[in-house]
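Written out below as structure tokens is the structure these notes cover.
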There are 2 protein chains.
Amino acid sequence: MGNRERIIETTLRLMNELGAEAVGTNRIATETGVSPGNLYYHFSNREEIVHTLFDALEDEFHDVLQRDVVRPLPPERIAAFYLRTFDLAWRYRFFFNGTLGLLRRDPVLAARYQGLQRWGIAELGSIAAGIAEDGNLTHPRGAAGIASLALGTWLIWSNWIGFLQISGITDIQRSDMTAGINQLFDVIAPYLEPEFEAAIRECIANQWAP
Amino acid sequence: MGNRERIIETTLRLMNELGAEAVGTNRIATETGVSPGNLYYHFSNREEIVHTLFDALEDEFHDVLQRDVVRPLPPERIAAFYLRTFDLAWRYRFFFNGTLGLLRRDPVLAARYQGLQRWGIAELGSIAAGIAEDGNLTHPRGAAGIASLALGTWLIWSNWIGFLQISGITDIQRSDMTAGINQLFDVIAPYLEPEFEAAIRECIANQWAP
DNA sequence: GTCTATAAGCAGATAGAC
DNA sequence: GTCTATCTGCTTATAGAC
């Protein structure tokens with residue numbers, strides 16, 4: 001693996017561990033085992049490394065939100081979908097933890113992230129609408145209710161890992177993640193058919209997407 | 001008003017506008033209209049200013065979560081309570097937006113914040129339990145369900161303003177805040193008596209705690 | 001209490017040798 | 001492609017005059 005790839009990998013690791021704002025180019029270079037000069041040979045500045053990481057996040061995000069989301073939506077597929085989204089949020093946690101700080105200093109990234117977020121929330125809405133069309137979800141408030149579910153689940157999803165870290169949980173366990181998924185699911189559950197909900201809960205408890 | 005108070009005020013304003021990590025002591029001093037030396041006469045370091053702001057947040061937080069929370073809990077009191085909590089989150093938004101970054105560099109603050117958070121979530125649970133004892137809320141999952149409501153509403157409350165800012169909304173309107181309160185309420189609503197919910201929604205729409 | 005001037009350290013980024 | 005050495009600009013914090 002070339003230095004460029006190793007720099008990207010080190011940056012992701014360090015920013016996840018320490019937070020994006022605490023990781024400088026000198027440190028990235030040292031921990032990668034290259035010189036600062038070499039880092040600036042591969043990237044024109046620090047922002048460009050973060051952009052590259054965002055490219056990867058974006059790709060994986062699009063993939064996760066579309067791969068398993070094919071009607072009909074049985075409990076296993078829905079559970080697998082949520083497990084994957086939480087795994088993604090974990091692997092790029094530096095981004096979701098410090099989003100606002102990152103976006104304030106980088107208008108280009110801000111615009112890209114806002115697009116991703118809009119698309120993500122809309123996609124969560126489509127999934128909920130799909131479950132409703134399958135006859136497994138009934139929201140008394142119709143389209144507005146579905147939109148609220150989408151936004152409510154987005155807020156919990158995008159902030160769950162940050163919440164764990166703020167709470168002082170240093171090494172996050174599998175159980176902390178399933179707790180988050182169940183927390184997210186509590187928002188949707190009141191509108192699901194009871195057997196359907198139970199089936200999803202069981203899938204969540206028994207599997208974990210690596 | 002003395003320089004000490006003006007420094008605190010300026011710090012709160014700047015950190016809310018620009019994010020805590022972007023605000024240095026030089027800038028605080030300049031915008032307050034005092035010298036860096038004078039700032040360090042009043043505070044031994046930058047952390048101490050943030051601690052002082054946290055003291056104020058803590059006081060107001062305890063006040064808000066206890067003042068209006070006296071049984072029985074009629075719709076007006078509940079609505080007023082939530083309006084006040086959102087107002088608080090707005091006035092100290094720098095803290096909730098960049099919590100993790102702040103806590104990583106300041107273990108003392110981290111411990112204090114974790115205590116506040118634990119207490120806040122427990123208090124939200126007590127409020128929900130109080131509504132249930134008044135006969136206006138029925139959660140099929142009992143105590144576990146109440147705990148989930150408390151955590152779910154905490155997550156939305158503490159992240160709503162950050163979400164607005166990340167979304168690119170620069171000047172937050174009253175309507176953006178009521179949208180957040182309604183979003184938070186959507187988590188509780190499925191378990192409320194319908195007339196009770198309607199009464200709260202109307203209070204939320206019609207008042208605003210300054 | 002308040003100021004000016006400055007120390008000490010670290011950040012991002014560049015020049016030029018190899 | 002990779003290195004060493006360095007520049008510039010910023011930060012927190014202090015010394016000492018007034």
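Side-chain atoms are counted along with the backbone in the values below, which use heavy atoms only and exclude waters and symmetry mates. None of these values were measured; they are calculated from a predicted model. So you know, we letter chains A, B, ... as the sequences are listed, proteins then strands, and number each from 1.
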- Message: Could you walk me through whether B/D186 and B/R201 satisfy the salt bridge (Lys or Arg N to Asp or Glu O under 4.0 Å) test, starting with their C-alpha distance in whole Å, then the side-chain angles of each, then the deciding distance to 0.1 Å, before giving a yes or no?
- Response: CA-CA 10 Å; B/D186 289 345; B/R201 298 274 189 195; 2.7 Å; yes
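- Listed by first and then second residue, the salt bridge (Lys or Arg N to Asp or Glu O under 4.0 Å) pairs involving residues 147-161 of chain A amount to none (not counting sequence neighbours).
- Non-hydrogen atoms lying under 4.0 Å from DNA chain C are contributed by A/Y40, A/N45, A/R46, all within residues 40-53 of chain A.
- The line from CD1 of A/I204 to OG1 of A/T178 is 8.5 Å long, rounded to the nearest 0.5 Å.
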What pairs of donor and acceptor atoms, side-chain ones from residues 123-133 of chain B against any protein atom, are under 3.5 angstrom apart with sequence neighbours left out?
residue, atom, partner, partner atom, Å
B/S126, OG, B/A122, O, 3.2
B/E133, OE1, B/R71, NH1, 3.1

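- Of all heavy-atom pairs between A/A29 and A/L39, the closest is N-CD1, 3.9 Å.
- For residues 7-23 of chain A, proximity to DNA chain D is found at no residue, defined as any non-hydrogen atom under 4.0 angstrom from a strand atom.
- Applying the salt bridge (charged side-chain N to carboxylate O under 4.0 Å, His left out) rule to B/E58 yields the partners B/R112; only residues at least two apart in sequence or on another chain are considered.
- At a threshold of 4.0 angstrom between heavy atoms, the contacts of B/N26 include nucleobase atoms, whether or not backbone atoms are also involved.
- The nearest pair of heavy atoms linking B/W157 to B/A89 is NE1-CB, 3.7 Å.
- With sequence neighbours excluded, no residue satisfies ring-ring contact (aromatic ring centres under 6.0 Å, His included) with B/F94.
- An angle of 10°, rounded to 10°, separates the two end axes of the helix from C/dG1-D/dC18 to C/dC18-D/dG1, each defined over five pairs.
- For residues 163-172 of chain B, every residue pair satisfying the side-chain hydrogen bond (donor to acceptor under 3.5 Å, both in side chains) rule, not counting sequence neighbours, is listed here: A/Q117-B/S167, B/N97-B/Q165, B/D171-B/Q173.
- The only option from A/F81, A/F86, A/Y82 that meets the ring pair (Phe, Tyr, Trp, His ring centres under 6.0 Å) definition with A/F185 turns out to be A/Y82.
- Applying the salt bridge (Lys or Arg N to Asp or Glu O under 4.0 Å) test to residues at least two apart or on different chains, the pairs with a partner in residues 31-47 of chain A are A/R13-A/E31, A/R27-A/E31.
- Across all strands shown, A/G37 has heavy atoms under 4.0 Å from base atoms, whether or not it also approaches the sugar-phosphate.
- Remark: B/R6 pairs with B/M1, B/N3, B/T32, B/V34 by the side-chain contact (heavy atoms from CB on, under 4.5 Å) rule, at least two apart or across chains.
- The ring-ring contact (aromatic ring centres under 6.0 Å, His included) analysis of residues 35-58 of chain B, with sequence neighbours excluded, yields the pairs B/F54-B/F95.
- Between A/L39 atom CG and C/dT14 atom P there is a gap of 12 Å when expressed in whole angstrom units.
- For DNA chain D, the span of nucleotides reached by chain B at under 4.0 Å from its heavy atoms goes, 5' to 3', from D/dT12 to D/dT14.
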